[in-house]
Enquirer: 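The structure is given below, and queries will be raised subsequently.
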Protein chains: 2
Amino acid sequence: MDPDVGRRYAQEVGLVLAQMGTTPAFGTLLGWLLVCDPPRQTAVQIREAVGLSKASVSTGMRALEQSGMVRRVPAEGRGHAYEIHPDAFTRAIDPTAKMRAFIDVMQRGLDLMGDEDAPQARRLRHTRDVYAYMIERIPALLDEFRAREAREEEG
Amino acid sequence: MDPDVGRRYAQEVGLVLAQMGTTPAFGTLLGWLLVCDPPRQTAVQIREAVGLSKASVSTGMRALEQSGMVRRVPAEGRGHAYEIHPDAFTRAIDPTAKMRAFIDVMQRGLDLMGDEDAPQARRLRHTRDVYAYMIERIPALLDEFRAREAREEEG
DNA sequence: CGTAAAGTTCAAGAAGTACTGAACTTTACG
DNA sequence: CGTAAAGTTCAGTACTTCTTGAACTTTACG
């Protein structure tokens, strides 16, 4: 991929991720690691590729590391390189996070009301229960996908 | 529920929703409509309850209406009242929205690469496919929940 | 049909946040 | 072991975005 195209794509990913609450820089770095060639790159390479400051690369890469999406690997010469985890998104970006937050705030409302079975609690109960059900079922879906993926790689 | 407790709870909901990209005022209004008694309230009542300006209530309620979470109902006397839809959250807050955004940006990366089967495209492909699979299966989960809910109301 | 309440719109101020330059610490080559 | 590259930290700046007061339009009661 053309380096210029890659840089712009990384920024696109940055925008998408930013709309989900990360900083643009965080998403840009992730976007670059998603498409870069070779897949392992040093901070200096990344910096030159995406055009962020040394400070932003340092802070952003640490956040990516802590979130478990990216890992450090030894590099020849000085410093170290970074590599995105193959299924970084499924590992770190929990699609049920939003639902959990809803469940929590609904439950808190029910606690404040005191009587969970009161008619006025219905609005809160319904929302809590829908999301609780979804979250309960989603892990099985992920397992199914992994099984299907494994089957395809054999066959 | 104590009016003061209700107001503070509405603000809590506002904070939770704000972390998902809405304005705090939007979430606060929604939070109030979740727990208020009576469930139908005029803009003036809402304004007094949550302590937002007339302007914020007006703008916020319109957004809630357009998102389909809240509907206007005729009020006695002047003006009109608002009422939250029983399953406002499941209707309007699509838990797959985030996944769709990821699928789109992964696909765009694959398009830029040209060759979808290239080894360097693997990182993009994997993420796209996981989320596509999840989205495909989630509607069935919602149906299951509704069926279960209907069964419980009979029994 | 006049008037006051209800509702809308928008410019301006306030508040929060992300990026970076610069100073500092750590690392490792020669 | 000196030095230069690599990496970290943080205060300041630039930017975006939410809220609101105020002026305006619409509604409906008397």
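Throughout, a chain's letter reflects where its sequence line sits, starting with A, and its residues are numbered from 1.
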Enquirer: For DNA chain D, which residues of residues 23-55 of chain B approach it to below 4.0 angstrom with any heavy atom?
Expert: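 Output list: B:T23, B:P24, B:A25, B:L52, B:S53, B:A55.
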
Enquirer: Taking only N and O in the side chain of B:S56, is any of them less than 4.0 Å away from OP1 or OP2 of D:dT20?
Expert: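 The answer is yes; a side-chain N or O of B:S56 sits under 4.0 Å from OP1 or OP2.
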
Enquirer: Which pair of non-hydrogen atoms, one from A:S67 and one from A:L64, has the smallest distance, and what is that distance?
Expert: OG-O, 2.9 Å

Enquirer: In whole angstroms, how far is the C1' atom of C:dG16 from the CG atom of B:L15?
Expert: 13 Å

Enquirer: Write down the distance between CD (A:Q11) and C1' (C:dA18), rounded to a whole number of angstrom.
Expert: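 Taking CD of A:Q11 and C1' of C:dA18, I get 15 Å after rounding.
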
Enquirer: Where do B:M61 and B:L33 come nearest, in terms of heavy atoms and distance?
Expert: CE-CD1, 3.7 Å

Enquirer: Check the distance between D:dG7's C1' and A:Y82's OH and give it to me in whole angstrom.
Expert: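 Result: 8 Å.
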
Enquirer: Run the salt-bridge test on A:D104 and A:R100 with the 4.0 Å N-O cut-off and return the result as yes or no.
Expert: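 Looking at A:R100 together with A:D104, the answer is no, because their closest N to O distance does not fall below 4.0 Å.
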
Enquirer: Heavy-atom count around B:R108 CZ within 6.0 Å, excluding the residue itself: above 12?
Expert: no

Enquirer: C:dC29 pairs with which nucleotide, Watson-Crick or G-U wobble, both distances below 3.5 Å?
Expert: D:dG2

Enquirer: What is the distance, rounded to the nearest whole Å, between atom CZ of A:R62 and atom P of D:dC10?
Expert: 9 Å

Enquirer: With no hydrogens and no angle check, is any side-chain donor or acceptor of A:R123 less than 3.5 Å from a backbone partner on B:A88?
Expert: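 Here the side-chain-to-backbone pair does not exist.
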
Enquirer: Can you give me the N/O atom pairs linking the protein to nucleotides 26-30 of chain D at distances under 3.5 Å, or say none if there are none?
Expert:
residue : atom : partner : partner atom : Å
D:dC29  : O4'  : B:R78   : NH2          : 3.4

Enquirer: Using Watson-Crick or G-U wobble geometry with both distances under 3.5 Å, which nucleotide pairs with D:dG21?
Expert: C:dC10

Enquirer: Output yes when a side-chain donor or acceptor of A:D2 lies under 3.5 Å from a complementary backbone atom of A:V5, and no otherwise.
Expert: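 Side chain of A:D2 to backbone of A:V5: a pair is present.
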
Enquirer: Under 6.0 Å from the CZ atom of B:R125, do we count more than 12 heavy atoms belonging to anything else shown?
Expert: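 Yes, the 6.0 Å shell around CZ holds more than 12 heavy atoms from other groups.
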
Enquirer: Can you tell me if A:Y133 uses its side chain to pair, donor with acceptor, with the backbone of B:L142 under 3.5 Å?
Expert: no

